[in-house]
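Lettering of chains follows the sequences in order, A, B, ..., and the numbering in each one begins at 1.
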2 protein chains.
Amino acid sequence: MGRPEPATETRAPLSKELVLRTAVALADRHGIESLSMRKLADELGAGAMSLYYHVPNKEELIDGMVDIVFSEIEPPPLELDWKTAMRRRAHSTREVLNRHRWAVGLMEGRMKPGPAGIRLREAILGCLRRAGFSIEMTIQAYSVQDAYIYGFALQETDMSPETADDFAAVAEQQMDTYTDVLADFPNLVEVVGGHVARAGYDYATEFLFGLDLILEGLDGLRG
Amino acid sequence: MGRPEPATETRAPLSKELVLRTAVALADRHGIESLSMRKLADELGAGAMSLYYHVPNKEELIDGMVDIVFSEIEPPPLELDWKTAMRRRAHSTREVLNRHRWAVGLMEGRMKPGPAGIRLREAILGCLRRAGFSIEMTIQAYSVQDAYIYGFALQETDMSPETADDFAAVAEQQMDTYTDVLADFPNLVEVVGGHVARAGYDYATEFLFGLDLILEGLDGLRG
DNA sequence: ACCTGAACACCGTTCAAGT
DNA sequence: ACCTGAACACCGTTCAAGT
């Protein structure tokens, strides 16, 4: 597992930065359920308890990991019109969340937003206010967009098994389970059988469709 | 904790039903992170290992719990026009998810959908097809709505601390942390300070706003 | 300042066994 | 058919101690 440090070589000294970045990498590779303080320390070539010098506990470790994810999201560029700017940050969010699938359910929930999360929030609110939305409408517009973006990411993450093998296994098993009652679910058969199962199902296009539906709807509500 | 069974009284016999329903109640009360096989068995007055006769493992326990949640969601009523029917099921979903906050992140992800989840899916697809949407548009329309509904529930669950004390603590702490740099976040100050912090912030209204934005947008795209 | 091992109170699950 | 305790391989975290 990992690469065990040769005892002769001195290990890179720990730091909050290094601990967090390694934790993110580990979660990217193996998912967050399998991320333990002990394995993380191991990956760093350190004793399990060394982590606690740099991070108070696992909860705040995850807070820090989430803020790293926030820092990778491109804020709405100032020079673009509001819809294009929002599309850009939406796409960037989706892309980043696909790189860090473990983070999807955790972005909104942290009670302690980090600096990157705060900065992004500020940039988005500013973009909407400058576009002419009232304070009340800015809140609404922000809320719909984020609900959609994070909800879509949740679907996408959850519905795409990690490996092709997983996918085949799941598909086959569902067939087994429901084959005898398929007649009761004509619409499911029509939709799943006819379209979703096609390999070319394109999440990016689907994401854009819903996003533009929302952005166009909002455009009429500016002051 | 709970009510320890008096040794004289014979305990209700276990069953998959009872195990699942007790697990849901426990998760409702204490969150899903604190739900362990051992505590669940304890609550049932049984030994920890008794559960494994009724449920193969924790993963499938949770699958079963999620399907109970699905079973509580009202499907789109057949006799209503499509938008009203969809609004009904959307509200029902939000309400059920507020009763079972632990479930929000788990509804879409389970690789083994249960019967209730399947039935609900079928009903929604049927409603959209009857409304005149093409197969392709049905998929899109379904996807936008669910992304929004589950994304909104995610925000709402995550942003509402369990207790008023939690809320106060978080608010105060955020103030402490960012007071010195508040000048850098004028839009955040304006929006949070001016509106969101007001006690009367109404999630139901906000939910409806975004939902109708989407439904109206979709209405123009029927065949 | 930075790192550590032993110990504690937990987990999920296997297994061989009891009624 | 239904339930069980002991045991195994894990967890996060406290504490007192090492350099």
Query raised in the report: Among residues 34-41 of chain A, which residues get a heavy atom nearer than 4.0 Å to DNA chain C?
Result: A/Arg38
Requested in this report: Could you list the residues that satisfy side-chain hydrogen bond (donor to acceptor under 3.5 Å, both in side chains) with B/Asn57, not counting sequence neighbours?
Outcome: none
Query - side chain to side chain contact (heavy atoms under 4.5 Å, CB included) partners for B/Phe209, two or more places apart - result: A/Met137, A/Gln140, A/Val144, A/Leu218, A/Leu221
**Report entry** Sequence-distant partners of B/Arg38, side chain to side chain contact (heavy atoms under 4.5 Å, CB included), two or more places apart
**Finding:** B/Ser36, B/Ala48
Report task. Would you please name every residue forming a ring pair (Phe, Tyr, Trp, His ring centres under 6.0 Å) with B/His91, sequence neighbours left out? Result -> B/Phe207
Query - Note: B/Asp146-B/Arg121 ion pair, threshold 4.0 Å (strictly below) - result: no
**Report entry** Partners passing side chain to side chain contact (heavy atoms under 4.5 Å, CB included) against A/Thr22 (at least two apart in sequence or in another chain)
**Finding:** A/Leu18, A/Leu40, A/Glu43, A/Leu44
Report task. Indicate, with a heavy-atom threshold strictly under 4.0 Å, whether A/Ala48 touches base, sugar-phosphate, or nothing. Result -> nothing
Anything under 3.5 Å between a donor and an acceptor, one on a side chain of residues 64-76 of chain B, the other on a protein residue two or more places apart or in another chain? List them.
{"from": "B/Asp67", "atom 1": "OD1", "to": "B/Ala116", "atom 2": "N", "distance (Å)": "3.3"}
{"from": "B/Asp67", "atom 1": "OD1", "to": "B/Gly117", "atom 2": "N", "distance (Å)": "3.0"}
{"from": "B/Asp67", "atom 1": "OD2", "to": "B/Ala116", "atom 2": "N", "distance (Å)": "3.0"}
{"from": "B/Ser71", "atom 1": "OG", "to": "B/Ile68", "atom 2": "O", "distance (Å)": "2.5"}
{"from": "B/Glu72", "atom 1": "OE1", "to": "B/Arg99", "atom 2": "NH2", "distance (Å)": "3.1"}
{"from": "B/Glu72", "atom 1": "OE1", "to": "B/His100", "atom 2": "NE2", "distance (Å)": "2.7"}
{"from": "B/Glu74", "atom 1": "OE2", "to": "B/Arg88", "atom 2": "NE", "distance (Å)": "3.4"}
{"from": "B/Glu74", "atom 1": "OE2", "to": "B/Arg88", "atom 2": "NH2", "distance (Å)": "2.9"}

Query - Partners passing salt bridge (charged side-chain N to carboxylate O under 4.0 Å, His left out) against A/Arg119 (at least two apart in sequence or in another chain) - result: none
Report summary line: Those residues at least two apart in sequence (or on a different chain) that pass side-chain hydrogen bond (donor to acceptor under 3.5 Å, both in side chains) with B/Arg129 are A/Glu190
Query raised in the report: Along DNA chain D, 5' to 3', what are the outermost nucleotides having an atom less than 4.0 Å from a heavy atom of chain A?
Result: D/dC11 to D/dT14
Requested in this report: Kindly write out the residues that satisfy side chain to side chain contact (heavy atoms under 4.5 Å, CB included) with B/Ala25, not counting sequence neighbours, or none if the list is empty.
Outcome: none
**Report entry** Secondary-structure stems, DNA chain C, at least 3 Watson-Crick or G-U base pairs under 3.5 Å
**Finding:** C:4-8 with D:12-16, C:12-16 with D:4-8
